[in-house]
Amino acid sequence: MSLDFIPAVGEADFSDAQARLLTLAHRLGKERFAPRAAQWDREASFPFANYDDLREAGLLALCVPRKFGGEGADFATYCMVGAEIGRFCGATALTYNMHICSTLWTGTLSDGVAMSEVQRAEHEARRPLHFRRVVEQGAVYAQPFSEGSAAAAGKAPFGTTARKVDGGWVLNGRKIFASLSGAADYYGILCTEDKGDQHPDMRDTLYIAVPGDAEGLTVTGDWDPMGMRGTVSRTLLLREVFVPDDEQLMPRGVYYKAAQTWPAMFFTLSPTYLGVAQAAYDFTVQYLRGEVPGQPPVKRRMYPTKQIAVAQMRIQLESMRALFWRAIHEAGPNPSKDQRMRLYVAHYAVMEGANDIARLAIRTCGGQSMLKDLPLERLYRDSRCGALMLPWTAELILDRMGRETLYEPGERDE
């Protein structure tokens, strides 16, 4: 199947399924998501209409395994589709990532994590419940992570706790920057099992789905950020929230193993920002050629300074694409040290590169391009948010790379 456009990830030898899904994402993005993007940004409102489109197109079940009725897309295919959506609406792509991860982690990722026979049986018995909700009901899952502490960075146990009771769990705690707050049907809460010994351990992390209408769950706080405003990432408060055992998205203790086994599980934020970078580049080319829809056909391409800037943007974009492409195809359980380091490099390059390309776009296109009836200033604000996102902020990536390059596991300085 040939494509009549160049995807955000660039030209490649796509499978028929990948080409079909990319074509679908591109069409939805161009015809529906891009025209609405300014509204979600202006209002800081959630893109419900876009999710109706995703639901109707079957893309909410993109990474649900085929045997459960989904598309069965693998990690790399999701990253391609996510980047294409991000090209047209960053907030939609970023929240879509949170939903997709709930199915990807429970599906493909869990299949590559070592479990005991009891854990595997438990997982196989429970995950069809979550997949059916997505496939048959079009349910949306969120993935609240941050708590304003070291937990989301992977350096401490989560402060949100789950206490075992008959038939289920009782959750207490708080999640900040909870994307899809008030919009999700279920929140995949990462929390620490409360064993009553005052010694929380990251190995006791639980991953539990909490229904959006659960008693004791409230959404609070304002949402007025610089960028990614349509994510509506307010605060979730959980006070004595009871959920049944079957709401576990992974068996007890398996999330910690997954984070150690599949580091690429945290790379899934990158596709959104590769898409944003592509959008900034696309706009610059259109603007300089006088081809922006609804704008006077004024050409600005004849100036050498602008030609050089576009060349610089393309060089950076191609570098990001190349790293991204290799990283998503190397992704899997138990990567080598070299693969893990390259994954870090790819993530850092995309998150920082997206903002750099948007910066060049603003400087090159000039003052008129910053008007809010054009997308560039929104793309710039959105592009800056990626480097701040836990657990792999740009700063933490640099910290990991330096430490893991110079120290082998277990090494200490005496």
Side-chain angles (χ1 to χ4, degrees), residues 8 17-41 43-75 77-108 127-144 178-188 209-214 219 228-233 247 249 268-269 271-272 275:
Q18 288 170 341
R20 174 177 57 81
L21 290 165
L22 282 168
T23 299
L24 178 58
H26 184 83
R27 179 179 60 78
L28 287 176
K30 186 175 182 179
E31 296 177 4
R32 303 188 187 183
F33 300 168
R36 300 168 181 156
Q39 174 189 346
W40 317 130
D41 177 71
E43 299 174 354
S45 59
F46 188 77
F48 285 105
N50 292 357
Y51 272 76
D52 290 340
D53 292 333
L54 291 168
R55 186 177 292 107
E56 183 180 352
L59 288 176
L60 292 182
L62 178 69
C63 290
V64 173
R66 285 188 176 275
K67 66 180 180 179
F68 297 107
E71 282 282 354
D74 61 9
F75 183 92
T77 301
Y78 160 65
C79 289
M80 298 175 201
V81 172
E84 200 59 29
I85 294 173
R87 183 179 193 171
F88 299 101
C89 182
T92 297
L94 195 57
T95 51
Y96 181 62
N97 164 73
M98 313 301 179
H99 166 80
I100 288 296
C101 281
S102 299
T103 60
L104 189 64
W105 290 10
T106 311
T108 300
R127 67 178 178 175
L129 167 68
H130 303 286
F131 292 147
R132 280 197 304 272
R133 288 171 177 166
V134 175
V135 173
E136 298 174 10
Q137 302 169 23
V140 174
Y141 277 67
Q143 198 175 46
S179 297
L180 300 100
S181 56
D185 298 295
Y186 297 89
Y187 298 93
V210 176
D213 60 357
V219 178
M228 289 296 176
R229 291 167 56 79
T231 63
V232 191
S233 306
E247 294 297 348
L249 288 157
T268 58
L269 295 167
T272 294

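Throughout, numbering of the chain's residues begins at 1 and tracks the sequence.
F48 is not listed as a side-chain neighbour of V140, based on a closest heavy-atom distance of 4.5 Å or more. Counting heavy atoms from C-beta outward, Y78 and T268 have side chains that approach closer than 4.5 Å. Using a 4.5 Å heavy-atom threshold, the side chains of D185 and R133 count as separate.
A donor-acceptor contact shorter than 3.5 Å links the side chain of S181 to the backbone of V232. Checking side-chain atoms of R66 against main-chain N and O of G72 turns up no donor-acceptor pair under 3.5 Å. Here the side chain of R87 pairs no donor or acceptor atom with the backbone of G275 at under 3.5 angstrom.
Residues G29 and P35 come closest through the heavy atom pair O-CD, 4.2 Å. In terms of heavy-atom proximity, G107 sits nearest to P65 at CA-CG, 4.4 Å. Closest approach of Q143 and S102 over heavy atoms only: NE2-N, 4.2 Å. Listed here is the closest heavy atom pair of V219 and G182: CG2-N, 3.9 Å. Of all non-hydrogen atoms in F46 and T95, the two that sit nearest each other are CE1-CG2, 4.0 Å. Between C79 and P271 the shortest heavy-atom distance is O-CB, 3.4 Å.
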Practice task
List the steps, then state whether side-chain contact (heavy atoms from CB on, under 4.5 Å) holds for I85 with N50.
Solution key: CA-CA 10 Å; I85 294 173; N50 292 357; over 6 Å; no
Practice task
Evaluate the side-chain contact (heavy atoms from CB on, under 4.5 Å) criterion for residues V134 and Y186: first the C-alpha distance (whole Å), next the side-chain angles of each, then the deciding distance (0.1 Å), finally the verdict.
Solution key: CA-CA 10 Å; V134 175; Y186 297 89; over 6 Å; no
Exercise for the section: Kindly determine whether M228 and T272 satisfy side-chain contact (heavy atoms from CB on, under 4.5 Å), including the steps that lead there. Expected result: CA-CA 11 Å; M228 289 296 176; T272 294; 3.8 Å; yes
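Here CZ of R20 is found 10.5 Å from OG1 of T77. Values are rounded to the nearest 0.5 Å. Rounding to the nearest 0.5 angstrom, the gap separating the CZ atom in F88 from the NE2 atom in H26 is 4.5 Å. Note that CD of E84 is 10.5 Å distant from NZ of K30, once rounded to the nearest 0.5 Å. A distance of 8.5 Å separates CZ of R36 from OG1 of T92, quoted to the nearest 0.5 Å.
Using cut-offs of 30° and 60° on the angle between ring planes, the pair H130 and Y141 is perpendicular. Using a 30° and 60° split on the angle between ring planes, Y96 and H99 fall in the parallel class, below 30°.
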Contacts table for residues 55-64: side-chain donor-acceptor under 3.5 angstrom, sequence neighbours left out:
{"from": "R55", "atom 1": "NE", "to": "G138", "atom 2": "O", "distance (Å)": "2.8"}
{"from": "R55", "atom 1": "NH1", "to": "D52", "atom 2": "OD1", "distance (Å)": "3.1"}
{"from": "R55", "atom 1": "NH2", "to": "G138", "atom 2": "O", "distance (Å)": "3.3"}

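Centroid-to-centroid, the aromatic rings of F131 and F68 come within less than 6.0 Å.
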